[in-house]
Number of protein chains: 2
Amino acid sequence: MNAQINNGSGSEALNETTSVRLTEMLRRSIMAGEFEPGARLRIADVAKQFGISHMPVREALRQLEADRIIEIESHKGARIRTVDAEFVGNMYDMRGALEVLLVERCVERASDAELKPLKELERAYVQAVASGDRVAMLAANRAFHSLTYKAARNPEAERIVGQGWELIHAYRVRYGFGRERLKQNIREHKILADAILARDVRAAVAAAKTHCDSARDDMLRCLADEAGSAS
Amino acid sequence: MNAQINNGSGSEALNETTSVRLTEMLRRSIMAGEFEPGARLRIADVAKQFGISHMPVREALRQLEADRIIEIESHKGARIRTVDAEFVGNMYDMRGALEVLLVERCVERASDAELKPLKELERAYVQAVASGDRVAMLAANRAFHSLTYKAARNPEAERIVGQGWELIHAYRVRYGFGRERLKQNIREHKILADAILARDVRAAVAAAKTHCDSARDDMLRCLADEAGSAS
DNA sequence: AATTTCGATATTTGATCAAAAATATGAACG
DNA sequence: CGTTCATATTTTTGATCAAATATCGAAATT
């Protein structure tokens with residue numbers, strides 16, 4: 001990797017600080033699964049790798065810690081967060097609770113114009129699944145749900161849900177999905193989208209809840225399989 | 001203020017870093033309402049006030065920003081977060097959704113022994129209200145709910161809810177509660193506690209939802225009153 | 001031989017200094 | 001008299017250096 005960080009040429013977002021650029025760069029790397037879970041992130045290493053001083057690295061690591069992507073211990077440094085079944089279960093429980101809220105508000109608050117692209121995004125996800133590219137699937141899935149989040153107009157809740165997405169992203173890239181998960185996802189998306197478009201709060205909320213629960217169960221299965229095969 | 005931060009004497013928690021100690025000190029100050037909403041926090045000022053260098057101040061401010069207590073803009077510095085009605089509404093919506101989850105899990109997972117102090121904490125809150133001390137009320141209220149959070153065994157969700165508490169703490173200290181809010185709170189606590197102790201998930205969830213919604217509405221009323229009287 | 005203590009090394013944390021960016025100030029001009 | 005541009009000041013951000021702390025390994029003692 002070692003992408004340019006001191007944007008001398010200035011291709012994108014010129015007026016960001018070094019630490020912000022570094023944060024996003026590390027975030028993408030981590031989400032892309034370029035680090036082993038539990039891997040150390042040494043300040044000096046990162047600083048040298050990007051050709052910058054220690055300071056912006058420290059700030060970037062703190063930011064990623066705040067997003068729960070890495071863990072920092074006093075005088076011991078930063079590590080890529082490892083997740084166990086309990087954590088994943090709790091995370092998805094939380095996401096389920098918030099997603100129910102967001103879907104409810106989405107149905108209440110979204111304009112028709114806002115919801116127009118929803119079916120298009122639903123189709124895009126189907127295509128991404130057909131392509132077989134995990135990263136594309138994850139992006140399309142995220143885009144589909146993001147539309148509903150945005151329309152709910154609760155950026156605070158959206159932010160927390162987004163953190164959850166980021167946390168499990170690397171694991172999904174690494175370990176993939178269960179056998180029937182993708183087809184199931186497509187079915188559940190259709191149910192959810194149709195309920196939202198029909199402005200049926202009750203059905204939409206139920207669909208969101210089911211969707212999160214089944215995603216959680218699949219993730220837990222994948223995690224258990226991985227742990228089993230690794231032992 | 002200007003409390004000792006370099007614990008040379010070492011009365012409590014010797015092995016914490018300066019930035020962590022400073023973070024907690026600032027957090028308490030802000031929650032106690034010692035800063036106006038929107039007030040600036042200059043790095044040099046804070047560093048001089050506590051007799052430390054800029055570095056731990058920067059880390060502390062980043063931490064408080066992660067907790068949404070302050071806001072930092074590039075090259076413009078940190079300010080105590082100001083909240084408007086929309087933000088408060090969103091915040092309480094989120095808290096409501098998570099509290100419903102936590103209460104549900106609490107009923108499912110809590111041991112009888114764990115729930116034993118619940119009625120005691122309910123009484124303690126009644127006493128705190130009788131005392132008329134807002135800080136004591138807030139602490140007792142928090143302690144009552146924290147028991148249910150802890151018993152739910154979802155530290156991730158608990159953490160997010162806790163951030164919500166901290167965010168509105170300063171505003172409650174400053175602006176207080178609506179006329180009937182405290183009595184209402186006491187009634188709702190009793191309903192919630194009894195439902196939990198009876199292991200009645202449905203009633204407990206309903207009580208939690210009602211409790212959050214009415215707390216939100218009261219807070220919004222207080223905010224509107226304040227805005228009205230200040231104009 | 002196992003355990004513990006001591007010391008060397010690596011790494012984070014804190015302090016000081018320099019650079020960049022934003023805000024405030026003031027002079028020149030319309 | 002008000003506006004605009006340039007300059008100065010303030011404040012954050014980044015770099016370098018020093019101190020504190022943890023980790024690891026070796027030596028000594030039980």
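Quick note on labels: first sequence line is chain A, next is B, and so on, each numbered from 1.
Rounded to whole Å, atom C1' of C:dA15 lies 15 Å from atom CG of B:L22. When the C1' atom of D:dA15 is taken as reference, atom CD1 of A:I43 falls 14 Å away, rounded to whole Å. Between B:H54 atom NE2 and C:dT13 atom P the separation is 20 Å, expressed in whole Å. Atom-to-atom, CZ of A:R21 to P of D:dT13 comes out at 13 Å; the value is rounded to the nearest Å. What separates CG of A:L61 from P of C:dT11 is a distance of 14 Å, to the nearest Å. We find that CE of A:M55 is positioned 16 Å from P of C:dA19, with the value rounded to whole Å. Atoms CG (B:D45) and P (D:dT11) sit 7 Å apart, rounded to a whole Å. When the C1' atom of C:dA20 is taken as reference, atom CD of A:E16 falls 15 Å away, rounded to whole Å.
Crowding of A:E108 atom CD: a count of heavy atoms from other residues, nucleotides or ligands under 6.0 Å exceeding 12. More than 12 heavy atoms of other residues, nucleotides or ligands lie within 6.0 Å of CD in A:E114, so this atom counts as buried by the packing criterion.
Remark: B:H169 pairs with no residue by the ring-ring contact (aromatic ring centres under 6.0 Å, His included) rule, at least two apart or across chains.
Proximity note for B:T17 (side chain, C-beta onward) versus C:dA15, C:dA22, C:dG14: the nearest is C:dG14. With C:dA15, C:dT12, D:dG14 as the choices, the nucleotide that has an atom nearest any side-chain atom of A:E59 turns out to be D:dG14. In this structure, of C:dT11, C:dA22, D:dA22, it is C:dT11 that holds the atom nearest to the side chain of A:R40. Counting only heavy atoms from C-beta on, B:I52 has its side chain closest to C:dA15 among D:dG14, D:dT13, C:dA15.
Rounded to 10 degrees, the angle between the two end axes of the helix from C:dA1-D:dT30 to C:dG30-D:dC1 is 20°, with five pairs used at each end.
Between the side chain of A:R58 and the base of C:dG14, a donor-acceptor pair under 3.5 Å is found.
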query = Is there a side-chain hydrogen bond (donor to acceptor under 3.5 Å, both in side chains) between A:E99 and A:H211 once you walk through the steps?
reply = CA-CA 10 Å; A:E99 192 128 2; A:H211 188 48; 5.9 Å; no
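Once rounded to the nearest 0.5 Å, the distance linking CD of A:E34 with CZ of A:R174 reads 10.5 Å.
Panel note: side chain A:S146, backbone A:A143; no donor-acceptor pair is recorded below 3.5 Å. The backbone N or O of B:I69 lies less than 3.5 Å from no partner atom in the side chain of B:D67, so there is not a single donor-acceptor pair.
Along DNA chain D, the nucleotide nearest to B:G77 and the one nearest to A:H75 differ in position, and the one closer to the 5' end is contacted by B:G77.
For the pair A:S53 and D:dT16, the criterion of a side-chain N or O lying under 4.0 Å from OP1 or OP2 is not met. Contact between the side-chain N/O atoms of B:K76 and the OP1/OP2 oxygens of C:dT23 is found at a separation under 4.0 Å.
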